[in-house]
Amino acid sequence: GDADGIRIKLSQQYSHVSDYEFTREESGLKEQDMVSLRLIETRTRRTDRYIQDYGVSVMDDFSKLQLQGGLGYGKVAFGDDTPIYFPKRDLRDWDEYQGSVNVGYRMTDKSSVFIAPSIGQHHSDNGLDTSTFVKFRAGFRSEPTIKLTYSIGCGLQYYRGGDNTAELDDINFGTTSSSDDLELQFFHYDLKAAWALTRRTDFQIFGRNEMIPTSAFDNNTKRVDQGSIGLIQRLGQKWSTSLGLSYRQDTYTLPINGVDAHEELAGILGKIQYDARKSWLQLTAQARYE
């Protein structure tokens, strides 16, 4: 479709990787669709795994109303290779079903307010079976100039980890908890902005959080808060470079070995890209330090 009518988008990804997975969200796109091939950070553990993603979304704009709706499915299945730092357990497979709606009201030609509810389920092999979640965000998006685009949304997420009511001895190493301890609500946010500093230089900022099952530990979930800033420099019609800084914190819901556990990860990513659109060819080389 086009901007004057209904637009339908289908997306699909399959990969077999043993290091980080990189998706279109890191390719420098200014605006990501609501359902896209997104990077789920728990799936980035450096071990052999198979990734699948499928999405469909429908969009339409009226004089004042902007409507989007989508369905998405993602799955990670770990291979037989267990990392040395988890010698006594295998990593747990999990998948996600999610449905989302985004309703926007155009206040001016360049600015809109929106509400974005979504609902979904996680199915995990880590002992929790089926977890459910509901997200609700309200926000503001605008393109005040041809050089600046941003979208800010915040709200609440409700998450209940697991349908089972068995005692969770495994993760707590002797202390018992019921699955009711994995039911919680927390502040939920999703923001992104792109600013064309010059004709050839773009600045981007990105951040979001979400709750997901743990792959390394049984009967537990974790909240992932992550963000990044980056610069994209175009060297010509076909060549571009980018430099980004990222930060992520994983906060576990239940204690691990009696400790309120969290992990922090900071990194820098450099990339050079050749994009010959007319010949359908794109080549990328990148390096990352964490």
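One is the number of the first residue; the rest follow in order along the sequence.
- One N or O on the side chain of N209 and one on the backbone of Y189 form a donor-acceptor pair closer than 3.5 Å.
- Following chains of ILVMFWY side-chain contacts shorter than 4.5 Å, one can reach I229 starting from I268, so the two form part of one hydrophobic cluster.
- When each of H188, H122, Q185 is paired with Y159, the side-chain hydrogen bond (donor to acceptor under 3.5 Å, both in side chains) condition holds for H122 and for no other.
- Under the 4.5 Å side-chain heavy-atom criterion for Ile, Leu, Val, Met, Phe, Trp and Tyr, Y158 and L254 are members of distinct hydrophobic clusters.
- Partners of S118 according to the side-chain hydrogen bond (donor to acceptor under 3.5 Å, both in side chains) rule, which considers only residues two or more places apart in sequence or in another chain, do not exist here.
- To the nearest 0.5 Å, atoms OG (S63) and CZ (R106) are separated by 8.5 Å.
- L235 and L281 fall within a single hydrophobic cluster, where Ile, Leu, Val, Met, Phe, Trp and Tyr side chains are chained together by heavy-atom contacts under 4.5 Å.
- Here D250 pairs with K222 in a salt bridge; the nearest charged N to carboxylate O distance falls below 4.0 Å.
- A distance of 6.0 Å or more separates the ring centres of Y252 and H262.
- In this structure, D93 does not pair ionically with K75, as no charged nitrogen and carboxylate oxygen lie closer than 4.0 Å.
- The ring pair (Phe, Tyr, Trp, His ring centres under 6.0 Å) test with Y97 singles out one residue from Y73, Y54, F133, and that residue is Y73.
- At least one side-chain heavy atom of Q233 sits less than 4.5 Å from a side-chain heavy atom of R200.
- Note that the OG1 atom of T241 and the CD1 atom of I272 stand 6.5 Å from one another [nearest 0.5 Å].
- In this structure, E143 does not pair ionically with K110, as no charged nitrogen and carboxylate oxygen lie closer than 4.0 Å.
- For S246, the side-chain hydrogen bond (donor to acceptor under 3.5 Å, both in side chains) criterion is met by no residue, not counting sequence neighbours.
- Put simply, the side chain of L182 reaches to within 4.5 Å of the side chain of L128, judged on heavy atoms.
- Side chains of S151 and F140 form no contact here, defined as non-hydrogen atoms less than 4.5 Å apart.
- Here OG1 of T253 is found 8.5 Å from CZ of F186. Values are rounded to the nearest 0.5 Å.
- Side-chain contact between Q12 and D53: absent, with no pair of heavy atoms (C-beta onward) separated by less than 4.5 Å.
- Side chains of Q226 and E210 form a contact here, defined as non-hydrogen atoms less than 4.5 Å apart.
- Under the 4.5 Å side-chain criterion, counting only non-hydrogen atoms from C-beta, R92 is not in contact with F217.
- Contact annotation: the side chain of P144 approaches that of L148 to within less than 4.5 Å [non-hydrogen atoms, C-beta and beyond].
- When the side chains of ILVMFWY residues are joined at heavy-atom separations under 4.5 Å, either directly or via intervening members, V113 and I152 end up in a single hydrophobic cluster.
- With values rounded to the nearest 0.5 angstrom, L231 atom CG is found 10.5 Å from W195 atom CH2.
- R7 and Q68 are not linked by any side-chain donor-acceptor pair at a separation below 3.5 angstrom, with hydrogens and angles left out of the test.
- Side-chain contact between V76 and W94: present, with at least one pair of heavy atoms (C-beta onward) separated by less than 4.5 Å.
- In terms of hydrophobic clustering, with Ile, Leu, Val, Met, Phe, Trp and Tyr side chains grouped at heavy-atom distances under 4.5 Å, I212 and Y50 are assigned to different clusters.
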